[in-house]
Every structure is written in structure tokens, then in C-alpha cells.
Engineer: 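One structure, as C-alpha cells, below. Some questions next.
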Amino acid sequence: MSEEKSIREIRLEKLNKLREIGVDPFLQEKYDISHGSGHILNHFDSLQDIEISFAGRIVSLRIMGKAAFAHLSDGEGKVQCYFKKDDIGQLAWDVVQLLDIGDHLGVKGHLFLTKTGEKSIYVKELSPLSKCLNNLPLGKEKDGEKWYGLSDTEQRYRHRHLDLICNKDVRKMLVDRMKIVSAVRRYFDDIGYLESETPVLQQIAGGAAARPFTAHYNAYDLDVKLRISLELYLKRIICGDIPKVYEIGRVFRNEGVSNRHNPEFTMLEFYEAYVNLEDMMTRVEELFKFVSMHVFGTNVIQTQGIEIDFSKPWKRVDLLKELEERSGIKPEELSELSSALVAMKRVGLPTEKEDNLGGIIEKLLEKFVEPHLIEPTFVIGYPVETSPLAKRDPNNPKFTRRFEGYIGGREICNAFSELNDPIDQLERFNQQLQERAKGDDEAHPMDEEFIYAMECGMPPTGGCGIGLDRMAMVLTGSNHLREVLLFPMMKPE
RNA sequence: GAAUCGGUAGCUCAGCCGGUAGAGCAACGCCCUUUUAAGGCGUGGGUCGUGGGUUCGAAUCCCACCCGGUUCACCA
């Protein structure tokens, strides 16, 4: 307000001056780049005597009388450029005076070493490629130590482009995440899976226990929900005799935000006919190994202070046995609701809200077992009440042929031998409806079309779901889901 | 939803036992033809998250609210 001229106004004036001398940065459509920053710095010696053209954002600028230095960043890395008035001429020198940190610039010249030994471009020609109208929070650093930058978390998430420009480690993590998703696709494509795209707008949001978002479709005057999982549609594709299918897609759950939760997140689900639970374990093992190798070039990654070698098979444990080992509660105690409640009380957990045996078992699992599942582990055999879409275990019909995979104490995947018996599936849905009637608004809804598809014949099938964001967290060693989400959910300012 | 910490210049922060604001970087001007956290001299820039209250006087104390971080709860 009281400021004579804002930075934006000053920069607009510079833009106009550039236009007056016939150098309009916004008229440029392209710039031929001979080498990227990595190539220039890594192959510096062999690039001597060659004309180099390079382009990037000005991230530092030092004008000294009749010469100037700037660092240009192409995102991957930055290269210093040297401008000397006598060599570039008056017009180009005038242009240099009108440059700012944040502008994009193209340069042509040859490589040389400065007095202090920095690999640099001796510029002969330059070409402004865009004008930055704002003051960018670009920090300075020396010897790896950083003095300034953008560190306010709120600003970083609200203005992610600034975060990407200013924070190299942030950029790397988000780029790694993109590469992870790409590698996941390649894994499934290579082994003959077909990628599908199923509806996001659904009338019955099933496949998981979660509150959905709702929307309204005007043309049909119809209330619709945003999907909470991919499962039921993908299994209908299996029923249509496409035997290997996967989808990577955004799902939406109307729940809170935390370190490990965002209302929209990316789910990977894959289904394969004629295979079972054990085959799904192999798939998960192979997938993590493949992705780790293709993104990081190694089977061994560091996450949360531990080292994980994905060339080794994951540990396999039985849910009830592991629970007994960690809590002392015997499997027999968990065969009836009444005895389970007694056991739960004995180990010091509140029992008031519990009226579901499966729910109790999962709660005990969460408290006693999950924190210990540091190395990659499959926990096998989940209760039938909380697994309405999984085949029963023939040896113990109160449990299912289902497993969850854990790394670093965090749930990574959920898989089962898919229930393909339509009679049983209908019963399970009816049980879920009873739960819903009792007030559980996350109980699974009835989906008659899904039942119909199954009645037409569904082959035995193995299926698995993986939260890709959580997978990216593990592989990048991040403690926060938001660090691997480009634009996490934020309340309006 | 609960506890707790925070919101001061474009950025990173200081000031907070009440006396209406400071630093570094960024910006502007001048000098400087191999600098690199370039340097030297000078200049400008803030409704101190929002709204109330206490007070002669509030960035500072009190209350409410907004936004964010962390931990917990919820999320099978």
C-alpha cells in the first residue's frame, strides 16, 4: 500500500522494457536444448569446444559492472552461466540488466572453468523465455548447508510449485513417487495384465468400509457417490472373462486427514483368475522388488531407520498365532464374543463399544501385533465378519483366506482369495445390512449387480489392493503421506 | 474430535516481564569485466492471522474464531 512500487510492478516494467527493445520473453515458443544440466556437469570434459545450448530458470544472479553470473536450473540441476558485456554485445547486455531471479532463460555458448573451478557456460547468446513477476523464495546454500528457502509447511502445500522450485529433496521425493507409479504399471503390463478404468461415480460405493462423498448428477436428477474402492467393478471384469486386470485410480473416503490419511488417495488393485492367496503374496513380493529396482536401482532400501531387502521373501505369520504370542490371548478365547470380551478386558482395552467378534480381533491385532511388524510381513487369516468379500478358510469357516502386508508397522496391502460363491456372498451382504441396521454406517452395502455377475460364474480369483501413496512412503522413506502427494487436501484459507 | 505448539517484511526468523517493530536474504539506486551465502555505499518495504476485551498505551496480557504443525482419537 505505502510501498512506492511493488516488486510485481517493477518486474512488469522490466517486461515492458524487454518488449521495447524487441525481446519479448512471452513470444518465445521453443528453445533447442543441446544438453541437460546433468549431462553438462557429468561430461564436461568431452563437451569442450562444442557449442552448448541450455535453458532453465534463473535461480541466482550476480551482476558486476560489465560482467554477470547466473545459475540456471533445469529442475534436475543447475549450471552457472557467465555473461561478459564485451562478448555478448550491448543489446544482450541490456537484456541481462532486465533479468530477474525466477525468469526462464535460454543460453548458447561454450563450456569453461571459472577461476574458482566451477563448470560454467561462457554465454555468447541469450534468450529470455519467460518473465517471473513474483519474488521467489529461493534460498542460498553452500557446502550443502542451506540458509533460506521455503519451509513453512502450509505454504509448501498450498503453493506446491514453489516447494518444487525451492526444495530439492521435496522435488526428488515427488518425482520418485511418479516413477514408482510408472514402474507399477510396467510391472503389470509386462506380465500380461490389462489396465482398466472403472466408474468413479457410483450409486453403490462398495468394496471397503468407509463413508463416501456424495454428488449429484443433474441430467438424471440422481444422487451419486464417489468410489471408495475399485474392487467390485474389477471383479465384474473378471466375471467377464478378462483374467488379469488391474487399475490405478483415485478413491475417495470422507474421513479425517492425518500423517497417513488423505480424503482422496491412489489405489492399486489387481485381480487374477485361477490363482489364490499365496500367488498374491508372490505378486506383492515381485512388485516391490521390481519397483525398487527400477526406481532406485537396488533391492535394498532404507525406511524409518531400518533396512529392507526386497529380494528376500516376506515373513508369513498366522493372525491368531501371532496374536497369542504378542498378547497371550488364546485362539479358543476368540471363538465366542463373550470370551473375547473377557480377554479384551484382561489385556486392558475398553470393551464398551464392542459387539462384533471380528472387530475385536482386528482391534487386538492393531494394538499388540501391528507395531511389531517391522520387516515385510504377511499376516494371514482375518475374521469373516470384517472380510465380506473373501473366501472362507475351509479349515476354519469363521476366518477367511485373506492377508494383509505390513512394512515398518504400517499396513501396505490387503489381499484374498476372492469369494466367488454367490450364495455365500449374498449371505455376507445380508449380514452387513444387519450391521448397518444396528448403526454401523460403514457396513458394506448390498450390490445386486455384483451378485448377478457372480451368479453367472466367477472363476477362482486372487485379488489385492495396495495404497500407492503408502507404498511410495515406504519406498521413499517418508513419514508423511503428504510428502508423496503433490497436492494434499487443505482447508481454504 | 482432544491436547499442545505456531501464524511478525516476498522468504527464514528475532522481538513478546505492555511504550505502536528489527536482522539476513530477496527488492530498488550507485560502484564493480571470472563471482559463487560475491563485495562496498545507500534506499524502500509490515492493519505483527481475524475480531473483541483490559489499559493512557497491545505484536506483547485476556477471550473467541480462522489457518497450519505435532501427538492422540477416528479411519475393519
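All chains are named by letter (A, B, ...) in the order of the sequence lines, taking the proteins before the strands, and each is independently numbered beginning at 1. Scope of the values below: all heavy atoms of this structure, side chains included, with no hydrogens, waters or symmetry mates.
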Engineer: Would you please confirm or rule out a distance under 4.0 Å between OP1 or OP2 of C13(B) and any side-chain N or O of Ser151(A)?
Structural biologist: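 It does, given that an N or O in the side chain of Ser151(A) lies less than 4.0 Å from OP1 or OP2 of C13(B).
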
Engineer: Starting at the 5' end of RNA chain B, which residue's closest nucleotide do you reach first, Pro492(A) or Gly359(A)?
Structural biologist: Pro492(A)

Engineer: Go through the structure and list residues passing side-chain hydrogen bond (donor to acceptor under 3.5 Å, both in side chains) with Arg401(A), not counting sequence neighbours.
Structural biologist: Glu278(A)

Engineer: Considering only heavy atoms, which members of residues 323-347 of chain A lie under 4.0 Å from some atom of RNA chain B?
Structural biologist: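 Of all residues in residues 323-347 of chain A, none places a heavy atom under 4.0 Å from RNA chain B.
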
Engineer: From C-beta outward on Phe112(A), which listed nucleotide comes closest to its side chain: C28(B), U34(B), U12(B)?
Structural biologist: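 Closest of the options to the side chain of Phe112(A): U34(B).
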
Engineer: Can you tell me which residue among Ile204(A), Val251(A), Leu201(A) is in a side-chain contact (heavy atoms from CB on, under 4.5 Å) with Arg227(A)?
Structural biologist: Val251(A)

Engineer: Which nucleotide, G69(B), C67(B), C11(B), lies nearest any side-chain atom of Arg158(A)?
Structural biologist: C67(B)

Engineer: Just to confirm, is there a sub-4.0 Å distance from OP1 or OP2 of U35(B) to any side-chain nitrogen or oxygen of Thr114(A)?
Structural biologist: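 Looking at the OP1 and OP2 atoms of U35(B), neither is under 4.0 Å from any side-chain N or O of Thr114(A).
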
Engineer: At under 4.0 Å, does any side-chain N or O of Lys84(A) touch on OP1 or OP2 of C32(B)?
Structural biologist: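 For C32(B), neither OP1 nor OP2 has a side-chain N or O of Lys84(A) closer than 4.0 Å.
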
Engineer: Salt bridge or not between Asp87(A) and Lys124(A)? Use side-chain N to carboxylate O under 4.0 Å.
Structural biologist: no

Engineer: Looking only at side-chain N and O atoms, does Asn135(A) come under 4.0 Å of OP1 or OP2 in C11(B)?
Structural biologist: no

Engineer: When you measure from the centre of the six-membered ring of Tyr382(A), is the NZ or CZ of Arg402(A) under 6.0 Å away and within 45° of the axis?
Structural biologist: yes

Engineer: Is any side-chain N or O of Gln80(A) under 3.5 Å from a base N or O of U35(B), one able to act as donor and the other as acceptor?
Structural biologist: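 Checked by distance alone, the answer is yes.
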
Engineer: Any sub-3.5 Å donor-acceptor pair from Ser53(A)'s side-chain atoms to Ser34(A)'s backbone N or O?
Structural biologist: yes

Engineer: Could you tell me if the ring centre of Phe429(A) sits under 6.0 Å from that of His444(A)?
Structural biologist: yes

Engineer: OP1 or OP2 of C28(B) versus the side-chain N and O atoms of Lys14(A): is any pair under 4.0 Å?
Structural biologist: yes

Engineer: May I ask you to evaluate whether His480(A) reaches the phosphate of G69(B), defined as a side-chain N or O under 4.0 Å from OP1 or OP2?
Structural biologist: no

